[in-house]
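To find a chain, count down the sequence lines: A is the first, B the second, and so on, and within it residues start at 1.
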Protein chains: 2
Amino acid sequence: MGRRLSICNSIDDCDLAILANESSRMTVADGRSFIEEGEPANDFFVVTGGRVKLFTLLPDGRRQITGFAEGGDFLGLAASTSYAFGAEALGGATLCRFPHAGMQRLTERFPSLEHRLREEASRELALMQARMTLLGRKTARERVATFLIERCSHLDRPDPSHTIELDLPMPRTDIADYLGLTIETVSRILSAFKKEKLINIRSITHIKLLDPERISMIAEGME
Amino acid sequence: MGRRLSICNSIDDCDLAILANESSRMTVADGRSFIEEGEPANDFFVVTGGRVKLFTLLPDGRRQITGFAEGGDFLGLAASTSYAFGAEALGGATLCRFPHAGMQRLTERFPSLEHRLREEASRELALMQARMTLLGRKTARERVATFLIERCSHLDRPDPSHTIELDLPMPRTDIADYLGLTIETVSRILSAFKKEKLINIRSITHIKLLDPERISMIAEGME
DNA sequence: CCATCACCTTGACCTGAATCAAGTCTGGTA
DNA sequence: TACCAGACTTGATTCAGGTCAAGGTGATGG
């Protein structure tokens, strides 16, 4: 997710008035949820600011975070009649909401938009494929390493130097639920990485990768 | 996957000649692979007969099976420039191959096809969401139960009676790699289910669900 | 009709990550 | 400056599932 063309770009002669007509802006406060898993799916969303987490729940409360979304990301493709996931703001977010009906009017007027949506879905599918491998086959160390590397690709300016400064805007609980681990395990492994001089933990949210190369290797199970 | 409309149905005045022009049939023998992960993605595929497994690999050979596909299923959406997965026949399969260029000609002529592809991708996304929860948060028992229930939905005639006969066309190794377990664990849990009178194991590939209701409960972690 | 081989099951044991249980750190409040 | 609450870390212990190691089973061929 992140840093790629917004859906507007697929509308060559992008008539922004029409686009605005079919959508409405909304603001979601930290921790507030705006998509309920299983509810009828009536809207698409585009994240315009802040961050959002997507998740599914088991009846007893176990949670799997299936993705984080930020500015420019598209939400709601993983839904037929009802949403296959819940979504909730992570530190406050602003969204653009597109009712399905309106989106359909848009795709009729701008056929390339439909193609754009498919591309978006494909990209998401490819990511999920990798995430299934992470959840099904990687060790805890590999998962955390993968997570760190993944976060790097969300940076605006991929630092040219050898060390990379990372901001982890989500609490450990979310990282754990994203990686299929417990918070304790995530914490322990970050501590271990620190002891191994792979990272510096400047604060809870701010981490510096001292050896991104090596962390990538660990992420792929090739350490 | 399975038992839903083929892409042809989105072509209202379906000109089969045109469709045939843009595609080629192929046969893949048992165990032969026809998509290599990471290779440039030039084709879409539709499974017309037999079965296929999709998977990703880690460098050391660990494998995650990300899905099984059968008649009518569409392959290749989870790809941008290169395939995000490998694919291999499971007991022999026949496929229809659509080069991207040809597919593009088709979507130009039949715009609703593009929509159909997006729907297909959405459906797949929703399935993957559930599978991530399985891999990240479910116990081995829950995974195997989920697998059995999932297989039911692939049956032609969902048996009206209370017990359901299932055919598992894939070896234990594939089930294990699909569920993120080992073959031993899969085997043990099937034996446990048998001992608990939840299933009968008539042969390696043929299983009878004696209490589908209860198995569903286990699958959702509510036993 | 037996041998073989591939696949599956079962058992014994081990281990990575979960669970349970203290601490510690941080930032907000008074 | 001290207090508090919530989030994080760390340690001790447990346990689900993995690993290692025999057996079983059933389809194929000699």
Side-chain angles (χ1 to χ4, degrees), chain A residues 30-31 53 58 60-65 90-91 134-148 166-196 199-207 218 221 223, chain B residues 30-31 53 58 60-65 90-92 134-147 166-196 199-207 218 221 223:
Chain A
D30 185 19
K53 58 189 171 198
L58 289 174
D60 62 1
R62 276 174 286 171
R63 186 178 68 155
Q64 177 66 43
I65 291 190
L90 182 62
L134 177 142
L135 293 172
R137 288 300 180 217
K138 285 190 182 180
T139 66
R141 254 175 91 81
E142 289 160 3
R143 292 180 201 204
V144 174
T146 307
F147 175 72
L148 293 175
L166 269 191
D167 221 60
L168 303 182
M170 65 291 285
R172 298 284 186 266
T173 317
D174 288 351
I175 301 178
D177 283 349
Y178 181 64
L179 298 177
L181 300 171
T182 59
I183 45 171
E184 292 95 328
T185 299
V186 171
S187 189
R188 268 188 259 275
I189 287 175
L190 286 175
S191 299
F193 282 174
K194 181 176 161 191
K195 200 170 297 175
E196 299 173 38
I199 65 174
N200 258 347
I201 303 176
R202 333 198 102 194
S203 82
I204 281 174
T205 61
H206 195 200
I207 284 183
I218 295 174
E223 64 174 329
Chain B
D30 186 17
K53 57 189 170 198
L58 289 174
D60 63 1
R62 277 174 285 173
R63 185 178 67 154
Q64 176 66 44
I65 291 189
L90 182 63
L134 178 143
L135 293 172
R137 288 299 181 219
K138 286 190 181 179
T139 66
R141 256 176 89 82
E142 290 161 2
R143 293 181 201 204
V144 174
T146 307
F147 175 72
L166 269 191
D167 222 59
L168 304 182
M170 66 289 287
R172 297 287 186 266
T173 317
D174 288 350
I175 300 178
D177 282 349
Y178 180 64
L179 298 177
L181 300 171
T182 59
I183 43 171
E184 292 94 331
T185 298
V186 171
S187 188
R188 268 187 261 273
I189 287 176
L190 286 175
S191 298
F193 282 173
K194 180 175 162 192
K195 201 170 297 175
E196 300 171 39
I199 65 173
N200 257 347
I201 303 176
R202 332 199 101 191
S203 82
I204 281 173
T205 60
H206 194 199
I207 284 182
I218 295 173
E223 63 174 329

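Atom CD1 of A:Ile183 is separated from atom P of C:dC20 by 13 Å (rounded to the nearest Å). The nearest whole Å value for the distance from the CG atom in A:Asp177 to the P atom in C:dA18 is 11 Å. Whole-Å rounding puts the A:Glu184 CD to C:dA17 C1' distance at 10 Å. Taking atom CD1 of residue A:Ile201 and atom C1' of nucleotide D:dT9, one finds them 9 Å apart after rounding to whole Å. Across the protein-nucleic acid pair, B:Arg143 atom CZ and D:dA16 atom P stand 14 Å apart, rounded to whole Å. Taking atom CG on B:Asp174 and atom C1' on C:dA6, their separation rounds to 14 Å, with Å as the unit. A straight line from CG of B:Leu90 to P of C:dC7 spans 12 Å, rounded to a whole angstrom. Going from atom CG of B:Leu179 over to atom P of D:dG17 covers 12 Å, rounded to whole Å.
Between atom CG of residue B:Leu179 and atom CD of residue B:Gln64 there is a gap of 8.5 Å, rounded to the nearest 0.5 Å. In this structure, OG on B:Ser203 lies 9.0 Å from CG on B:Leu168, to the nearest 0.5 angstrom. For the atom pair OG (A:Ser187) and CG (A:Leu181), the distance works out to 12.0 Å, reported to the nearest 0.5 Å.
At C:dT9, one or more side-chain N or O atoms of B:Arg172 fall inside 4.0 Å of OP1 or OP2 (strictly under the cut-off). Regarding contacts with the backbone of C:dT9, every side-chain N or O of B:Ser191 stays at 4.0 angstrom or more from both OP1 and OP2.
At the heavy-atom level, B:Leu190 lies nowhere under 4.0 Å from the strands shown. Within 4.0 Å (heavy atoms only), A:Ser203 reaches no atom of the nucleic acid at all.
Taking the side chain of A:Ile204 as heavy atoms from C-beta on, and the options C:dA18, C:dT10, D:dC8, the nearest nucleotide is D:dC8. Nearest nucleotide to the side chain of A:Ser187, out of D:dC8, D:dA21, D:dG18: D:dC8. Nearest to the side chain of A:Thr182, among C:dC8, C:dA18, D:dC8, sits C:dA18.
Not a single donor-acceptor contact under 3.5 angstrom links the side-chain atoms of A:Arg188 to the base of C:dG16.
Here the side chain of A:Arg62 pairs a donor or acceptor atom with the backbone of B:Arg137 at under 3.5 angstrom.
Along DNA chain C, the nucleotide closest to B:Met170 and the one closest to A:Ala140 are compared, and the more 5′ of them pairs with B:Met170.
Checked for salt-bridge contact, B:Asp174 and B:Arg63 meet the test: a charged N lies under 4.0 Å from a carboxylate O.
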